[in-house]
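These notes concern the structure reproduced below.
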Number of protein chains: 2
Amino acid sequence: MGSPEAERRKQILKAAVEVFAERGFHRTRVSDIAKRAGVAYGLIYHYFESKDAVLSSVFDENWAVFLKVLKEIRDASDKRTGEKLAAIAELLIDALRVTPALIQVIIQEISRSDRFIEAPKIEAFQEAFRVVKEIIAEGQRQGEVEADSDPWVMAYLFFGAVEAVCTGFLLEAIPCRTEEDAARLKRTVTRTVLSGMLTAAGQEKLKPGHVG
Amino acid sequence: MGSPEAERRKQILKAAVEVFAERGFHRTRVSDIAKRAGVAYGLIYHYFESKDAVLSSVFDENWAVFLKVLKEIRDASDKRTGEKLAAIAELLIDALRVTPALIQVIIQEISRSDRFIEAPKIEAFQEAFRVVKEIIAEGQRQGEVEADSDPWVMAYLFFGAVEAVCTGFLLEAIPCRTEEDAARLKRTVTRTVLSGMLTAAGQEKLKPGHVG
DNA sequence: CCCATGATTGACTGACGAGTCAGTCGACGC
DNA sequence: GCGTCGACTGACTCGTCAGTCAATCATGGG
């Protein structure tokens, strides 16, 4: 369970994610976070430098985990390119169903928003894109991905498509409550996005359902 | 050129788009807009109800134009599904090159951001998605688009992919300064995204370069 | 039992910036 | 010339938080 200090910290971050998702970062007051977490106003400043730092921590700590998994997928030698990309899409769709508020905060308050333009967050985002680009570029070398498209652009297309689905879900335009919803969504996303990127060779031997 | 009043209004909106793109909506003060437009602070309030109303006008007026073109594309009886979707992608990529600041503001400050969750903007966005969905659904009826994927989800995938490319450009990760850049980008986007959605039949007779 | 250390509290302050408004200026009709 | 009307000005007001800090409480060690 970690030290009681670490628990308090988590408790505050959890509350912050909730209220950020509900009202947006700018409209939530620090007092809202404190109220939701059941702690005094001032305590927030015992654990965090500023309101911005709270949002930053939400992002940094979760994005690091995401990046780690992303790199594991990239380096999995037993997976083909299509499977790797499908795994990423599935990872994100699962995350969406399990922790929608967190995904919403990351999408709405960080990837988007003026804050975006700020320094180290861009770098963190780019790193994820870079990993996807590397998977795609490797796939091109293996003849599994269309060779004459820019892997950077494809990486953006891939991420963007998945992100849009997340947004659609958050807007309640795309249902994804149940396992079945999620499975169907994964199938549509992987089939549509991947079959546009993979060559015929790249589509062989994929698990049924991934493409086709 | 319109009445001098209308010109003043445009002048303020133009300045607003510029500073919103540079600093983000929340970080720009009304005085920044006034300074950039070369008018007095108070004049902003002669033409607009509030700072929010300025952003709202930026969106409303430009989105209406976009929607109009979108519907024309949908209703063009001389175009096949693939061509229609390609036309939309090309429209957006051109807009990106011609008015990057405007696109940035629409993406960052409206489609994203907490503001999003607010009332009539969602509806406006959904309307665009709906038009794309209608194009796709019609394509499915014609046998030009994969029949067993949800047209809504595909519409989101399509838009999201294009939007991500715009974001990549704004981040300077994807170059799109010259005509050649734009042409290459259009080709990659249409080829990748469309070939994932279209059936073999739907890919026949497309202009070379669109898919393939 | 007492003190020290650090978590915890919440009333308070100070800055910032949206929106107001009393007044100026220039054009135009009479 | 003179008055009116509306564009235009920018100093000021006023609410809203982010962030501070002095005081309190819980603990564990001596």
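Proteins get letters first, then strands, A, B, ... in listed order; numbering begins at 1 in each. Just so it is clear, the model here is predicted, and its values are computed rather than measured.
Summarising the geometry, atom CG belonging to A/Leu194 is positioned 10.5 Å from atom CD belonging to A/Glu83; distances are rounded to the nearest 0.5 Å. The CZ atom of B/Arg8 sits 10.0 Å away from atom CD1 of B/Ile44, with the distance rounded to the nearest 0.5 Å.
In this structure, of D/dT9, C/dG19, C/dT9, it is D/dT9 that holds the atom nearest to the side chain of B/Ala40. Considering only the side chain of A/Arg8, C/dT8 comes nearest among C/dT8, D/dA18, C/dT9. Taking only side-chain atoms of A/Lys51, from C-beta outward, the nucleotide of D/dG19, C/dG17, D/dG10 with the closest atom is D/dG19. Considering only side-chain atoms of A/Ser50, the nucleotide from D/dA7, D/dG19, C/dT9 that sits closest is D/dG19.
Going from atom OH of B/Tyr41 over to atom C1' of D/dC12 covers 11 Å, rounded to whole Å. Rounded to an integer number of Å, the gap from A/Ile44 CD1 to C/dT9 P is 10 Å. In this structure, the CD atom of B/Glu7 is 12 Å from the P atom of D/dC8, given to the nearest Å. Atom P of nucleotide C/dT8 and atom NZ of A/Lys35 are separated by 19 Å, given to the nearest angstrom. Following rounding to the nearest Å, B/Phe48 (CZ) and C/dT20 (P) show an atom-to-atom distance of 16 Å. Between the P atom of C/dC16 and the NE2 atom of B/His26 lies a distance of 18 Å, rounded to the nearest Å. Summarising the geometry, the separation between CZ on B/Arg27 and P on C/dC16 is reported as 14 Å, rounded to the nearest angstrom. Distance CG (A/Leu43) to C1' (D/dT20): 14 Å, rounded to an integer number of Å.
Between A/Arg97 and A/Asp181 there is no salt bridge, since none of the side-chain N atoms of the basic residue sits less than 4.0 Å from a carboxylate O of the acidic one.
Residue A/His46 places at least one side-chain N or O closer than 4.0 Å to OP1 or OP2 of C/dA7. Applying the 4.0 Å criterion to OP1 and OP2 of C/dG19, one finds that B/Tyr45 has a side-chain N or O inside that range.
Under the 6.0 Å distance and 45° angle rule, B/Lys51 counts as a cation-pi partner of B/Phe25.
Interface remark: the B/Tyr47 side chain does not form any donor-acceptor pair with the D/dA7 base, using a distance-only criterion of under 3.5 Å.
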Step-by-step side chain to side chain contact (heavy atoms under 4.5 Å, CB included) determination, A/Ser57 to A/Arg9: CA-CA 10 Å; A/Ser57 297; A/Arg9 209 187 124 89; 3.9 Å; yes
